[in-house]
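Structure first, then comments.
Letters A, B, ... are given to chains in the order of the sequence lines, protein chains preceding strands, and every chain is numbered from 1.
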4 protein chains.
Amino acid sequence: MPRPKSDDKRSAILAAATRIIVTKGLSAPTMGIAKEAGIANGSLFTYFETKADLFNQLYLELKAEMASTAMKDFPDQVELREQFFHVWRNWMNWAVSFPEKRRALAQLVVSDEITPATREAGHKIMAKIAELMERSRADGPLRNSPRSFVAALMNSVAEATMDYMVQDSKNAKKHSRVGFDALWRILA
Amino acid sequence: MPRPKSDDKRSAILAAATRIIVTKGLSAPTMGIAKEAGIANGSLFTYFETKADLFNQLYLELKAEMASTAMKDFPDQVELREQFFHVWRNWMNWAVSFPEKRRALAQLVVSDEITPATREAGHKIMAKIAELMERSRADGPLRNSPRSFVAALMNSVAEATMDYMVQDSKNAKKHSRVGFDALWRILA
Amino acid sequence: MPRPKSDDKRSAILAAATRIIVTKGLSAPTMGIAKEAGIANGSLFTYFETKADLFNQLYLELKAEMASTAMKDFPDQVELREQFFHVWRNWMNWAVSFPEKRRALAQLVVSDEITPATREAGHKIMAKIAELMERSRADGPLRNSPRSFVAALMNSVAEATMDYMVQDSKNAKKHSRVGFDALWRILA
Amino acid sequence: MPRPKSDDKRSAILAAATRIIVTKGLSAPTMGIAKEAGIANGSLFTYFETKADLFNQLYLELKAEMASTAMKDFPDQVELREQFFHVWRNWMNWAVSFPEKRRALAQLVVSDEITPATREAGHKIMAKIAELMERSRADGPLRNSPRSFVAALMNSVAEATMDYMVQDSKNAKKHSRVGFDALWRILA
DNA sequence: CATGAATGAGTGTTCATTCAT
DNA sequence: AATGAATGAACACTCATTCAT
C-alpha cells in the first residue's frame, strides 16, 4: 500500500489546467499546469497519459459539471416552458459563477485534440437538456430540422447570452431571460 | 508600411494559409504555408512581419471578402426583410462556395493571436450588415439589448446554418431559408 | 553488503533483465525489467542499488554460468587438445542453448556501465579457461604475445563461431569443430 | 542563392560526433555534439534529419575512410599473401593513427540505430578487402565455410590486433605482423 | 527581393531514483 | 520488505525569425 493516487491531486491538475487555459490558451506548457497545481512536471503524467488526455478529461469533467448544475432541482410538475427555463437559468448561472470553467470549455470545444469519442460522450452528458430541447421544438417551426442544427442554434444562443451576462453582470438575470425568450422564439 | 512588390505573392501566401489552416489548424508551421505558396520559408516574412501579422491580415481579408460578397447586388428598392434576406443568402452562398475560407475564418475568430484592433476593424467591415440588423430589430423584442449581443446571436445563427448547409448541401437553399426565418423570429 | 531476503526475487530480476536486454537493449527502462520480473518498479532498487549495479551483477552472473558450464565434466586424463576441445564444446553448447543469455552478455560486454573492476572479476571467473589457453599456446606462434591479446583472439573466434552455430543450428556441431580448429591453428 | 549547405559544417558535425561518441558513448546528447562542432543545436538537424541518421552516415563515412585507407597503394604485381598484408598493414595503421575514429566505429557497429540497409552498404564498401579474403581462403581449411563466418573471424582478429597495437604502440609494427600471421593461419 | 541555412528558446514526455505508506 | 506515486533533470526535435549570399 504505497501512496495511493490522490483524487485531490487529480482535481488540482484539472483546476490548474482550467486556469492556465484561460490565460495562456491550449498551447500552455504542461509544466506551467503542473506548477500551478503544485506538483512536479513529471507527476502530471502519472494522472494523465498525455496532454491531449488531460484536455479530453477536462472537457468531459466541465461538461458534466455544467450539465448536472443545469439539472439541479429539476421541477417535474410544471409545464414545459418553465421546466426549460429552470434548466436554462441554472446553466447561465453556472457560466456566470465559474467564468474560467466556461472559457476553458469554450476553448476545448474548438480544439482538435478533443477526440470524436470524447465529443460523443460529451453529447451524452447533455442528453437531458437535449431532450427538453426536442420536446420544445416538437410542434415549432424547426420540427423538421435535424437535431444537430437545432442543438447548434441553442448552443450559440446560450453562448451569446453568457457573454452578455458576464459583460454586464449587474443585469445578468434580465439578460438571461432575454436570451431564453430569443431561444424560445426560435424553437416553439 | 510600403506594400511589397508582388501582390500576387501576397495573395498566394494568404490563399496557402487558408488551405493549411483548414488541414493543420493555427499551429501550422509557417514553413508549411510558405511551401504551399510556392515560396521559400524566409520570403514569407518579407510580406508579413510575423505569423500573427499574417493571421490578422488573413482574418481581415476573409471578412472583407465575406462582407462584400454579402452586399453584392444589394436591392435598394425592396422592403427591409427582403433586403436582409438577400444579404443573408449571399452570405450563406459564400460560405458554401468557399468552405475552406469559412473554416479558416472560424478558426481565426477564436484565435488569441487576433488583436482587439483587428477585431474592431473586422466589425467595421461588417458595418453594412450590422446596420441592416439594427434596422430589423428596431421594433422587435431585442430593441433594448446591446448591439454586441444581437450581433453575437446573429453570427451564431449564421454559423449554425452554414454548418447545416454544408452538411446537407442538396437542400442548402431550404436550410438557408430555415436559418433566416429563425433569425428573423429572434429579431423582429 | 547484506544480501536481501529473497534470492528468488533477485534471480527473477536478473532473468527478466536478460530477456529485456535482448529485446530492448541496454537502454531498457528499469520499470520494464521490474514488470517482467513481476515486481514493482521501486522494489528493483532493494536488490540492486542502481541500474548500473544490476548490469554489473548480471554480467558477472552470466559469465560465471558460462564458465562453470564450460568446465563441466572436465576430463583430467586426456591430452591437452582434447581437454580444450571439451571445454570449447561445452562453451559453444551453452551459447546455443541459452541464446538470450549470450546475447545479453554480448551487449553488456560493450557497455560502458560495466566497471573495470567488474571486468577484472569477469576475467578471474574465466581463469580456468584462460589457463587451458595458456598451456595451448605455450609452444605455439603466440608464445610471446601478451595474454590479453591471445584472450581477445580466442574470444573473437568463439563469438564468431557462436553466431555461425546459431544461424545454422542444424550443423551446429560441425561448425563448433571448424571454429575450434581455427582457434587451434592460431594458438598451437 | 542563400548560404549553401556547407560541407565543412557537415564534416565538423561528423568529426564532433566521433569525438563525443568516444567520450560519452552513443547516448551522447545531440546538443553536446552540436556544441563540439561549433554550431547551434538546431543546426545539426539541417544536416542530419535525426540523431539516428547522423549515426548511420557517420558509420558509413568511417567505414569508407577505413576501406579506402586500407586499399591505398595497392600492389597489383605481388603475390596474394603480400597483397593481403599490404592491405592489413594500412588497415591497422589507420586504426592506430585515428584511434577515436576506430573506437567510435566500434560503438556504431554494435548500435541498434544502424539500419540493415546501412550495414549492407558498409559491407559493399569493404568489398575489395572481402575479395582478398575470399581468395586467401579459397584453398584453405575454411574453404567451405560461409563468407560471413570467415568475415567475422577476420574482423575479430583485426579488432584484437588493433587493441594490442594501441596498448603497446612502441611495438605496433611487430604486433601487426603477429596478428596477420594468426589470420593467415586461420585462412590459408 | 529571394533564398534557405542558422539560430536557440521552447516543449511533451521519459526514466532512474527516492520515499511515504 | 514491498509498493507505486513523486520527483525533476534530461533530451530529441520543432519552429518563428534572422541574415548571409
Side-chain angles (χ1 to χ4, degrees), chain A residues 1-6 9-10 27-35 37-55 113, chain B residues 2 4-6 9 27-35 38-55 113, chain C residues 2 4-6 9 27-35 37-55 113, chain D residues 1-6 9-10 27-35 37-54 113:
Chain A
M1 244 179 303
R3 263 174 290 196
K5 230 185 280 193
S6 133
K9 217 156 278 183
R10 200 190 103 98
S27 63
T30 52
M31 200 181 141
I33 296 173
K35 189 184 288 181
I39 59 170
N41 60 62
S43 300
L44 189 150
F45 295 93
T46 304
Y47 289 87
F48 303 93
E49 291 202 1
T50 63
K51 192 186 186 185
D53 181 36
L54 165 60
F55 281 0
E113 304 269 37
Chain B
K5 275 285 163 51
S6 159
K9 220 157 272 186
S27 64
T30 52
M31 197 181 145
I33 296 172
K35 188 186 288 181
I39 61 169
N41 61 59
S43 301
L44 189 149
F45 295 91
T46 306
Y47 292 86
F48 303 93
E49 291 200 4
T50 64
K51 192 186 187 185
D53 181 36
L54 163 59
F55 281 179
E113 306 267 37
Chain C
K5 276 282 162 54
S6 157
K9 219 158 271 183
S27 64
T30 52
M31 197 181 145
I33 296 173
K35 189 186 288 181
I39 60 169
N41 60 60
S43 301
L44 190 149
F45 294 92
T46 306
Y47 293 87
F48 302 94
E49 291 200 3
T50 65
K51 192 187 188 186
D53 181 35
L54 164 59
F55 281 0
E113 306 266 38
Chain D
M1 244 179 304
R3 264 175 288 197
K5 231 186 277 193
S6 135
K9 218 157 277 184
R10 199 189 103 98
S27 63
T30 52
M31 200 181 141
I33 297 174
K35 189 184 288 181
I39 61 169
N41 60 62
S43 299
L44 189 149
F45 297 93
T46 306
Y47 290 85
F48 303 94
E49 292 203 359
T50 63
K51 192 187 186 184
D53 181 37
L54 165 59
E113 305 269 36

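The nearest whole Å value for the distance from the NZ atom in Lys5(A) to the P atom in dA5(F) is 5 Å. Rounding to whole angstrom units, CE of residue Met31(C) and C1' of dT7(F) are separated by 15 Å. One interatomic measurement links the two molecules: CG of Leu44(D) to P of dG8(E), which rounds to 14 Å at whole-angstrom precision. Distance Asp53(B) CG to dT18(F) C1': 16 Å, rounded to the nearest Å.
Using a 4.0 Å heavy-atom cutoff across all strands shown, Ala28(D) reaches sugar-phosphate atoms only and no base atom. Within 4.0 Å (heavy atoms only), Phe48(A) reaches no atom of the nucleic acid at all. Counting non-hydrogen atoms under 4.0 angstrom, Ala52(C) reaches nothing in the nucleic acid.
Side chain of Ser43(D), nearest nucleotide from dA6(E), dG8(E), dT17(F): dA6(E). For Pro29(C), the side-chain atoms get nearest to dA16(E) when compared with the rest of dA5(F), dG12(E), dA16(E). Checking dA2(E), dA6(F), dT17(F) against every side-chain atom of Thr30(B), the shortest atom distance belongs to dT17(F). With dA2(E), dA6(F), dA12(F) as the choices, the nucleotide that has an atom nearest any side-chain atom of Phe45(D) turns out to be dA12(F). Nearest nucleotide to the Ala40(A) side chain, out of dT7(F), dA1(F), dA16(E): dT7(F). For Asn41(C), counting side-chain heavy atoms from C-beta on, the closest listed nucleotide (dA5(E), dC15(F), dA5(F)) is dA5(F).
Regarding contacts with the backbone of dA1(F), every side-chain N or O of Tyr47(C) stays at 4.0 angstrom or more from both OP1 and OP2.
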Practice problem: Under 3.5 Å for both distances, Watson-Crick or G-U wobble, that's the pair rule; now give the dot-bracket for DNA chain E, with | marking pairs to another strand and [ ] for crossing ones. | Solution: .||||||||||||||||||||

